[in-house]
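Read the structure below first, then the notes.
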Amino acid sequence: MSTAILTGQPVPGSSIEADLRSLGFDVRIASDAAAAGALLAEVPAGQRVAVVDARFVGHEHALRLGLTDPRFPLAAIPGAVTAQPAARRALALAMDRATAGGNTAASEPAATGGTEPAAVGGTEPAAPEAVTGDAPEAVSGEAPAPVGTLLTGALADRVAAALSADGSDPHRPDLGSLVATVPDDPQTRNEARQAVAAVDDEAVRLKSAVKARDGFFTTYCISPYSRYIARWCARRGLTPNQVTTASLVTALIAAACAATGTRPGFVAAGVLLLASFVLDCTDGQLARYSLQYSTLGAWLDATFDRAKEYAYYAGLALGAARGGDDVWALALGAMVLQTCRHVVDFSFNEANVDSTAATANTSPTAALSGRLDSVGWTVWVRRMIVLPIGERWAMIAVLTALTTPRITFYALLIGCSFAATYTTAGRVLRSLTRKARRTDRAARALADLTDSGPLAERLAGALKPVARRLPGFTAPAVALLGGAAVTATAALTGFGGPWPVLAALLYVLTSALAVARPLKGPLDWLVPPFLRAAEYGTVLALAAGAGVNGALPAAYGLVAAVAYHHYDTVYRIRGDAGAPPPWLVRATSGHEGRTLAVVVLAALLTASQFAVALTVLAVAVALLVLLESIRFWVTAHRGGAPAVHDEGEPA
């Protein structure tokens, strides 16, 4: 239970007490500032607490956004401020500052209009002007909400101002067309109530449940009805994690249907894959609709998306095999390509997330992109050609139902190759023309994404003096050359020969040189995807070259396990949890150790023995990374890790 301290007696006809209780707050009333401070001290330290002005007029969803979002330790809207347990001390100190003098009424009216905020109790000026916000996308039929009234005497606003002055600036959600204001006379109160009545609170809430930036297929074919499924789930007490799990189960059933290899099975698989995607959209919309964000939920949503897609690829490959067509190489190629695409996205974003010029439009390419976005139809075209998950799954589902697995994989490989070329080329141009310096945090994130093992780390230490004297483009150049060498050698020489081993040794050396100095160059974000492509591509080439049953499925399992490890690394970094523990990286040998091990096994074993070795390696890696990943995320969730909501790949 959370506690809301209502400062002052509620105005007759006000719904503020009922609204707060419907949001899960135990409401306590304080007659003045001193009483509010005393009540704050009585609230158990493990509870969320809110201070709300009794004269508040606004939508219930405005209160929900301002007072219940679990992602922010401190938050405020006009007339209300809240703190989670971790920020209770900051709130208490701000309350002391806001009530200095001890004789200011909690609901004291103050000057309005264009007057300058008055200092309260010797503190900093009061909170910024309370406004209802400007909605970029208003719900059809909504009337514009009036500008709220600044109340320098409102205790909640004074506390929020004191928090900002202390450096603990509370989160202030964008309310859009929702109303949140504290009128100080009957006329303005009546006007505020009319503004509340003019805006459909539920329509705004439903619309805000949908991602602000989504793909064409999702926006026009899924979200118009999936948001209502999300509301149905919310009203029945279902959680986003339950819907996420239902989406995974549905996709696994779809994969099983595809594995039958029959036309009815393929049709059922396509239908179920689309149903899984509807649920995949619904879980995020449910989280936004009901503000049920969590660390565990973000991890489940992200990892289950990959598990669903790659399990479906495997189902298609099994179904094709039942019909006498071996497409395992295509399935593995699709997984490798899709995973490398994501690594490009992750690396580029991490390299620039806190760049010293991140907020400046310093790239002509970025400026051109901005101009294109001002033309409506180009926005949708550019979102579609990158083949986001919505368009990709729709294409896979339709082609599965109507054609063969081979045609499905060909279309997927062609589409993803074009999308990867388009996005990577644009990011390379932005990086080359953008004037920005990467931070130490960005360089550390890129180093973690490389997944360098003991061999590369020790060699990197020895190569640091050499690396300092080399040009800035050295890191991505040597990563590309070394990776291309080992992959091409594995693909073009006979299985079991010594040449891939020599190329793998060269790859270990170039990988070490690539990370021998901080990855702060303009194109250093390409190092992790180059290394991913090298490792995955080498496994694919050797398994295909073995030419025995079971080699490619075993390689598929190994790449899936390693890819999971790399995705897990990404989401730990995104959650500010750092990279996986060093013991896990050492136990899995890093990318260079695994690559060297695979080529040595191919050189020493027969093709059949190599297939068995790949299977054993896949199981060992999967057990290590899965057990550690589950332990970490469950522990983080139970330990009260800050709630997050990762929008992930555009649907």
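Every heavy atom of this structure was used, including side-chain atoms; hydrogens, water molecules and symmetry mates were not. Sequential numbering from 1 along the given sequence is applied to the chain's residues.
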Between Thr282 and Gln285, is a side-chain hydrogen bond (donor to acceptor under 3.5 Å, both in side chains) present by the stated rule, with each step listed? CA-CA 5 Å; Thr282 300; Gln285 292 167 356; 4.7 Å; no
Between Arg205 and Tyr289, is NZ or CZ placed under 6.0 angstrom from the six-membered ring centre and within 45° of the ring axis? yes
Check: [X] side chain, [Y] main-chain N or O, donor-acceptor pair, under 3.5 Å:
| X | Y | answer |
| --- | --- | --- |
| Arg231 | Glu202 | no |
| Thr423 | Ala420 | yes |
| Arg236 | Trp232 | yes |
| Arg532 | Cys340 | no |

First locate atom [atom1] of [X], then atom [atom2] of [Y], and finally report the distance between them rounded to the nearest 0.5 Å.
| X | Y | atom1 | atom2 | value |
| --- | --- | --- | --- | --- |
| Ile630 | Asp568 | CD1 | CG | 10.0 Å |
| Leu248 | Leu279 | CG | CG | 11.0 Å |
| Arg392 | Met395 | CZ | CE | 8.5 Å |
| Thr303 | Lys308 | OG1 | NZ | 9.5 Å |
| Trp633 | Tyr571 | CH2 | OH | 9.5 Å |
| His61 | Leu291 | NE2 | CG | 6.0 Å |

Would you find more than 12 non-hydrogen atoms of other residues, nucleotides or ligands less than 6.0 Å from Arg263 atom CZ? yes
Heavy atoms of other groups near Asp325 CG, more than 12 under 6.0 Å: yes
Is a side-chain donor-acceptor pair under 3.5 Å present for Ser276 with Ser247? yes
Distance-only side-chain donor-acceptor flag, Tyr564 / Ser629, under 3.5 Å: yes
Validation row, ring centre [X] to ring centre [Y] under 6.0 Å:
| X | Y | answer |
| --- | --- | --- |
| Trp525 | Phe348 | yes |
| Phe495 | Phe610 | yes |
| His591 | Tyr507 | yes |

Got a salt bridge between [X] and [Y], using NZ or NE/NH1/NH2 to carboxylate O under 4.0 Å?
| X | Y | value |
| --- | --- | --- |
| Asp69 | Arg288 | no |
| Glu350 | Arg572 | no |
| Asp345 | Arg427 | yes |

Using the rule side-chain contact (heavy atoms from CB on, under 4.5 Å), only one of Val327, Leu330, Ile396 pairs with Thr408; which is it? Ile396
[X] vs [Y] side-chain heavy atoms within contact, under 4.5 Å:
| X | Y | result |
| --- | --- | --- |
| Asp451 | Leu531 | no |
| Thr295 | Trp299 | no |
| Leu274 | Val278 | no |
| Tyr220 | Phe216 | yes |
| Asp280 | Phe277 | yes |

So Glu391 and Arg383, side chain to side chain contact (heavy atoms under 4.5 Å, CB included) or not? Walk me through it. CA-CA 10 Å; Glu391 276 73 4; Arg383 290 186 191 179; over 6 Å; no
Over 60° means perpendicular and under 30° means parallel, so tell me whether Tyr567 and Tyr310 are parallel, tilted or perpendicular. tilted
Sequence neighbours excluded, the answer for side-chain contact (heavy atoms from CB on, under 4.5 Å) partners of Leu318 is Ala259, Trp328
Does the side-chain hydrogen bond (donor to acceptor under 3.5 Å, both in side chains) test come out yes or no for Ser452 and Glu592, once each step is laid out? CA-CA 7 Å; Ser452 298; Glu592 80 288 352; 5.1 Å; no
